[in-house]
Amino acid sequence: IVPIIEYSMISLTFNYSYLTVIENSLKPYEIVNRTFSTNVDLVVKVPNHEVDIVIQSLVHLTNNFIQIKVFKQEEKHEYE
């Protein structure tokens, strides 16, 4: 039996100075999209049951200098 794991996409926007520490903390997850402009924008695929933990970790790592949006799997958005 294979368990069904539901995922959410998390959109992250942050300053370049946090790039290495954030990418290191996200190694267990799939980074779906990267955009580099004034800030860094990442879209990360995270299992639903880990979303809150990942958000708390990112807020802590960046001292809350990060914008986070969560898209549930069933929602349609530009990253699918």
Rounded to the nearest 0.5 Å, what separates atom CG in D52 from atom OG in S57? 12.5 Å
Test of understanding: clusters of I, L, V, M, F, W, Y form through side-chain heavy atoms closer than 4.5 Å, transitively. Do I31 and I53 belong to the same one? no
Heavy atoms of Y7 and P47 approach each other most closely as CD2-N, 3.5 Å
Please list, one pair per line, the donor and acceptor atoms closer than 3.5 Å that link side chains of residues 34-42 to other protein atoms, with sequence neighbours excluded.
{"unit_1": "R34", "atom_1": "NE", "unit_2": "E23", "atom_2": "OE2", "d": "2.9"}
{"unit_1": "R34", "atom_1": "NH2", "unit_2": "E23", "atom_2": "OE2", "d": "3.2"}
{"unit_1": "D41", "atom_1": "OD1", "unit_2": "T13", "atom_2": "OG1", "d": "2.7"}

Any side-chain heavy atom of V54 sitting closer than 4.5 Å to one from V44? no
Looking at residues at least two apart in the chain, or sitting in another chain, which of them share a side chain to side chain donor-acceptor pair (under 3.5 Å) with S25? none
Working for side-chain contact (heavy atoms from CB on, under 4.5 Å), residues V59 and F65: CA-CA 7 Å; V59 167; F65 286 102; over 6 Å; no
Measure the CD1-CD distance between I68 and Q56 for me, rounded to the nearest 0.5 Å. 10.0 Å
Which residues satisfy the side-chain contact (heavy atoms from CB on, under 4.5 Å) test with E30, sequence neighbours excluded? V32, K45
Contact check, side chains of I10 and L12, non-hydrogen atoms, under 4.5 Å: yes
Does S8 reach the side chain of V46, with side-chain heavy atoms less than 4.5 Å apart? no
Can you tell me how far apart CD1 (I66) and CG (L61) are? Round to the nearest 0.5 Å. 8.5 Å
All pairs passing side-chain hydrogen bond (donor to acceptor under 3.5 Å, both in side chains) where residues 59-71 contributes a residue, at least two apart: none
Evaluate side-chain contact (heavy atoms from CB on, under 4.5 Å) for S11 paired with F71, printing each intermediate quantity in order. CA-CA 8 Å; S11 172; F71 299 94; 3.8 Å; yes
